[in-house]
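Just below is one structure, and these are the notes that go with it.
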Amino acid sequence: MKSKVALFMAAFMFAPSAFAMEITPYVGLGVVIDKAGTSAKRVGLDTKPLTGLMGATDAAGVAEIMNQAFVRNGGDDMDFDMAFAGEITAGVKIDNVRAELEVALRSASEDDYDVFDGDLVSSIAGGMPGLQGGVPAEIETSTKVRHNSYLANVWYDFELANSNWTPYIGAGVGFGVYRQKATVDIEIDQLALKQFIDDNPMAGAVVGNTLKNIPLGERTVADDTLYRFEWQVGLGAAYNFNENWALDIGYRFNSSNVADEFVYAHEIKVGARYSF
């Protein structure tokens, strides 16, 4: 009986401290600027298969050889443009700890560069004797990545006496949806092609017809949607205007592993929080 009374008294004594915890729900909106990077390489051009174009008998055969010439991860390091994201958060603050859910909808980052800029004839029929002139061509590749995040974060707020600023630090885990699309754009100087055929009436007819069958314009060489585990760490500070409204400024390092390649982003966030 005495043990039961002691347990009751202990629970009674510690109950006020439990109820004394300050629990505050909140929602937030933010704008994020990010600079993404990856260990993946750009699409590259392998000129060796191009020599097989001379033996192609139709447009389908030419297209197949061109597909072999474009190689994933065959180029230089990717360098994405800066991109923007919209962020929505909802969470609860318990004393100094905030637990929240975050949804970030990111705009597309893009990486453009030339994989070929020169004489296409020398790549196709460089060993053919007696050819006069050449045909300038430019092939550009573009990789677009749209990345959306769905994360659960935990932040720790450092309360400062007599200050409206509240620094914080924390981390989050969840998953990201990555839409990757790689294209190539082929341009051939048509006036130079006509002149090449006129200057080389015999061999030029063969090479010229081959060049005419190369599909011009933009074409897709990769188009994938992937779902991957994602994590982030970050820090920042909130400026509290009053009990309800706060300005949130922070830095995030966001990362994942996509198609066996390390993908990351340095992010700066500016947002607003409303506490109920």
Side-chain angles (χ1 to χ4, degrees), residues 35-81 83 108-147 178-197 199-200 203-226 258-263:
K35 184 67 169 68
T38 176
S39 62
K41 305 296 183 181
R42 294 164 169 157
V43 171
L45 178 68
D46 182 4
T47 58
K48 292 179 181 179
L50 296 181
T51 58
L53 290 173
M54 295 294 296
T57 57
D58 54 21
V62 170
E64 177 61 29
I65 292 173
M66 294 301 295
N67 286 337
Q68 296 173 13
F70 294 114
V71 183
R72 289 197 187 191
N73 285 344
D76 298 327
D77 294 338
M78 288 190 179
D79 183 21
F80 289 107
D81 301 331
S109 299
E110 190 166 22
D111 179 55
D112 297 311
Y113 86 117
D114 291 336
V115 295
F116 183 88
D117 188 0
D119 177 22
L120 197 56
V121 172
S122 61
S123 297
I124 295 176
M128 185 177 293
L131 293 178
Q132 300 181 28
V135 179
E138 182 180 4
I139 304 177
E140 182 184 71
T141 181
S142 174
T143 301
K144 298 179 181 179
V145 178
R146 183 177 295 276
H147 167 211
Y178 295 82
R179 171 72 185 275
Q180 304 176 100
K181 184 176 182 180
T183 60
V184 293
D185 189 6
I186 303 174
E187 295 182 6
I188 297 177
D189 189 327
Q190 297 299 309
L191 292 178
L193 174 57
K194 183 177 182 303
Q195 186 64 47
F196 176 81
I197 294 174
D199 293 342
N200 301 273
V206 177
V207 178
N209 288 331
T210 298
L211 292 175
K212 286 181 180 180
N213 283 329
I214 292 178
L216 302 180
E218 186 176 275
R219 58 188 299 188
T220 299
V221 295
D223 192 351
D224 305 302
T225 299
L226 303 173
V258 180
D260 297 325
E261 301 292 345
F262 181 61
V263 178

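In this chain, numbering begins with 1 at the start of the sequence shown.
Between the side chains of Thr143 and Gln180, no donor-acceptor pair of N or O atoms lies under 3.5 Å.
Counting all heavy atoms, side chain and backbone alike, Asp223 lies closest to Thr220 at CB-CG2, 4.0 Å. Minimum heavy-atom separation, Glu110 to Ser142: OE2-OG, 2.7 Å. Of all non-hydrogen atoms in Ile139 and Leu45, the two that sit nearest each other are CD1-CD2, 4.2 Å. Across His147 and Tyr178, no two heavy atoms sit closer than the pair NE2-OH, 3.3 Å. The two residues Asp81 and Ser109 have their closest heavy-atom pair at O-OG, 3.8 Å. Heavy-atom minimum distance, Gly217 versus Asp185: C-OD1, 3.0 Å.
The shortest side-chain heavy-atom distance between Asp79 and Tyr113 does not fall under the 4.5 Å cut-off. Side chains of Val221 and Thr141 form no contact here, defined as non-hydrogen atoms less than 4.5 Å apart.
In this structure, Lys35 places its NZ atom where more than 12 heavy-atom neighbours from other residues, nucleotides or ligands lie under 6.0 Å away.
Although no hydrogens or angles enter the test, the distance criterion places no donor-acceptor pair under 3.5 Å between the side chain of Thr183 and the main chain of Glu218.
Of the inter-residue distances, the one linking Asp117 atom CG with Glu187 atom CD reads 10.0 Å to the nearest 0.5 angstrom. One distance of note links CZ of Arg179 with NZ of Lys144; it measures 10.0 Å at 0.5 Å rounding. In this structure, CZ on Phe196 lies 8.0 Å from CG on Asp119, to the nearest 0.5 angstrom. Distance check: Asp111 CG to Asp77 CG gives 9.5 Å after rounding to the nearest 0.5 Å. Taken from CD in Glu261 to OG1 in Thr38, the straight-line distance is 5.5 Å, to the nearest 0.5 Å. For the atom pair CD1 (Ile214) and CD1 (Ile188), the distance works out to 4.5 Å, reported to the nearest 0.5 Å.
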Would you be so kind as to tabulate the donor-acceptor pairs closer than 3.5 Å made by side chains of residues 61-70, with sequence neighbours excluded?
| residue | atom | partner | partner atom | Å |
| --- | --- | --- | --- | --- |
| Asn67 | OD1 | Arg219 | NH2 | 2.6 |
| Asn67 | ND2 | Ala63 | O | 3.4 |

